[in-house]
Participant: 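First the structure, which I've put down as structure tokens, then a few questions once you've had a look.
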Amino acid sequence: MSGKRRAPHTATCTYLAALATCTPPATSGNRPADRTPLSGLAVDGKTLRGSRTGQGVTHLLAATHHNTQIVIAQRQVEAKSNEIPAFTPLLSGLDLTGVVVTADALHTQQEHARYIVTAGGHYLFIVKGNQPTLQRRLKALPWREAILNDRTDETGHSRREIRRMKICTARPGLPFPHAAQAIQVKRRRTDHRTGKTTIVTIYAITSLPPGRITHAQLATLIRGHWSIEALHHIRDVTYREDASRIRTGTAPRIMAGLRNLAIGLARLIGWTNIAAATDHYRSHPADGLQLLGFTT
């Protein structure tokens with residue numbers, strides 16, 4: 001892709017990243033490098049289902065802060081390709097110091113792990129059947145003997161979800177670069193409307209060494225990855241992205257970037273309900289201009 005075609009994404013993402021940057025003031029200047037505060041950065045893709053191109057639909061890969069849902073990088077996946085080749089280019093302009101990059105199983109790739117660690121970051125990847133050898137090795141770890149490291153019990157949306165997390169220090173020979181810890185999460189979800197209970201076991205791997213963060217923080221990083229799905233839900237439900245009539249050329253990609261910008265700005269000033277924020281600025285456009293630094 002040419003620099004010109006990437007410009008709208010670069011502009012909106014760079015603007016949001018600059019607004020979201022908050023460098024803590026130096027204190028003694030003696031903080032050990034391995035104790036730098038960490039933040040989660042989720043990488044995931046989304047198809048713009050209403051778009052039309054000569055070879056299908058537009059698919060975007062994005063990097064999003066866990067705690068704010070702010071998109072700081074976004075890239076269109078090349079036609080007749082998939083997200084894997086776009087992963088490293090997506091992160092190439094970002095400072096990964098103090099960042100834990102989280103991704104689903106598609107991106108549990110050795111090259112991705114090496115790139116992130118070489119760039120100064122850490123990774124936390126879900127492991128599934130696309131890495132069969134690694135998945136078998138993780139399942140074979142002594143989970144029955146492992147202690148319970150974290151447990152959460154949450155109720156909401158007519159369901160109860162209990163998560164139990166165990167951690168094993170990665171043993172020598174685990175077939176994945178820079179692997180330091182293996183994680184097992186058992187998720188028990190009960191739907192109060194139907195009474196049905198499902199139990200799912202998830203495996204993950206991370207370059208974070210033991211003791212780098214607390215067990216509760218590690219569990220938060222795992223849950224935090226799905227914040228990017230919440231962002232996608234907002235774009236679909238509140239902004240009706242998939243039903244958009246702006247369908248051809250680069251316009252769908254540009255509009256997705258503008259939706260990310262609107263959501264990010266609302267999050268940064270404290271809005272938790274994006275639908276309410278959208279209604280407010282629709283009724284008070286002058287407030288929106290003021291938010292962007294313009295005056296009327």
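Worth saying up front: this structure is predicted, and the values here are computed from it rather than measured. Heavy atoms only: backbone and side chains are in, while hydrogens, waters and symmetry mates are out.
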Participant: Under a 4.0 Å threshold between the charged nitrogen and the carboxylate oxygen, would D104 count as salt-bridged to K128?
Facilitator: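 Salt bridge flag = no for D104 with K128.
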Participant: Pick one: which of L60, I263, T64, L261 meets side chain to side chain contact (heavy atoms under 4.5 Å, CB included) with V71?
Facilitator: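 That would be T64; it is the only one of L60, I263, T64, L261 passing the side chain to side chain contact (heavy atoms under 4.5 Å, CB included) with V71.
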Participant: Is R160 close to I162 at the side-chain level, that is, under 4.5 Å between some pair of heavy atoms?
Facilitator: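 Heavy-atom side-chain distance check passes, below 4.5 Å.
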Participant: Check whether any side-chain N or O of Q110 sits under 3.5 Å from a backbone N or O of P177 as a donor-acceptor pair, and report yes or no.
Facilitator: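 Between the backbone of P177 and the side chain of Q110 there is no qualifying donor-acceptor contact (under 3.5 Å).
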Participant: Here's a test for you: under side chain to side chain contact (heavy atoms under 4.5 Å, CB included), which of L38, L124, I183 qualifies with L208?
Facilitator: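 Among L38, L124, I183, the one that satisfies the side chain to side chain contact (heavy atoms under 4.5 Å, CB included) with L208 is L38.
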Participant: Rounded to the nearest 0.5 Å, how far apart are OG1 of T152 and CZ of R163?
Facilitator: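 Interatomic distance, T152 OG1 to R163 CZ, rounded to 0.5 Å: 6.5 Å.
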Participant: Please report the interatomic distance CD1(I254) to CD(Q76), rounded to the nearest 0.5 Å.
Facilitator: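 CD of Q76 is found 10.0 Å from CD1 of I254.
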Participant: Has E229 got a side-chain atom pairing as donor or acceptor with W226's backbone, closer than 3.5 angstrom?
Facilitator: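 Side chain of E229 to backbone of W226: no pair is present.
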Participant: Would you check, one step at a time, whether the test side chain to side chain contact (heavy atoms under 4.5 Å, CB included) holds for L141 with Q184?
Facilitator: CA-CA 10 Å; L141 290 172; Q184 181 198 68; over 6 Å; no
Participant: Would you find more than 12 non-hydrogen atoms of other residues, nucleotides or ligands less than 6.0 Å from H280 atom NE2?
Facilitator: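 For H280, atom NE2 is crowded (more than 12 foreign heavy atoms under 6.0 Å).
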Participant: Using atom types as modelled and distance alone, determine if a side-chain donor or acceptor of E83 lies under 3.5 Å from a backbone N or O of L106.
Facilitator: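 Checking the backbone N and O of L106 against the side chain of E83, no donor-acceptor pair under 3.5 Å is found.
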Participant: Does the plane of the ring in W271 sit parallel, tilted or perpendicular to the ring in Y281? Use 30° and 60° as the thresholds.
Facilitator: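 Ring orientation, 0 to 90° scale: perpendicular.
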Participant: D44 side chain to I228 main-chain N or O, any donor-acceptor pair under 3.5 Å?
Facilitator: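 Answer holds: no.
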Participant: Nearest 0.5 Å, what's the NZ-CZ distance between K166 and R144?
Facilitator: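 Nearest 0.5 Å value for the NZ-CZ distance: 8.5 Å.
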Participant: Around atom CZ of R164, are there more than 12 heavy atoms from other residues, nucleotides or ligands closer than 6.0 Å?
Facilitator: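 Atom CZ in R164 is not crowded, with 12 or fewer foreign heavy atoms closer than 6.0 Å.
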Participant: Looking at K46 and D242, is there a salt bridge between them, counting it only when a charged N and a carboxylate O are closer than 4.0 Å?
Facilitator: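 Here D242 pairs with K46 in a salt bridge, since their nearest N and O are under 4.0 Å apart.
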Participant: Between S207 (side chain only) and Y123 (backbone N and O only), is there a donor and an acceptor less than 3.5 Å apart?
Facilitator: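 Yes: the side chain of S207 pairs with the backbone of Y123.
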Participant: Rounded to the nearest 0.5 Å, what separates atom CG in L174 from atom CD in Q181?
Facilitator: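 The distance works out to 12.0 Å.
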Participant: To the nearest 0.5 angstrom, please state how far the CE atom of M165 sits from the CG atom of L218.
Facilitator: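 Reported value, rounded in 0.5 Å steps: 4.5 Å.
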Participant: Between Y203 and W143, how do the two ring planes meet: parallel, tilted or perpendicular, split at 30° and 60°?
Facilitator: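 Judged by the thresholds at 30° and 60°, the geometry between Y203 and W143 is tilted.
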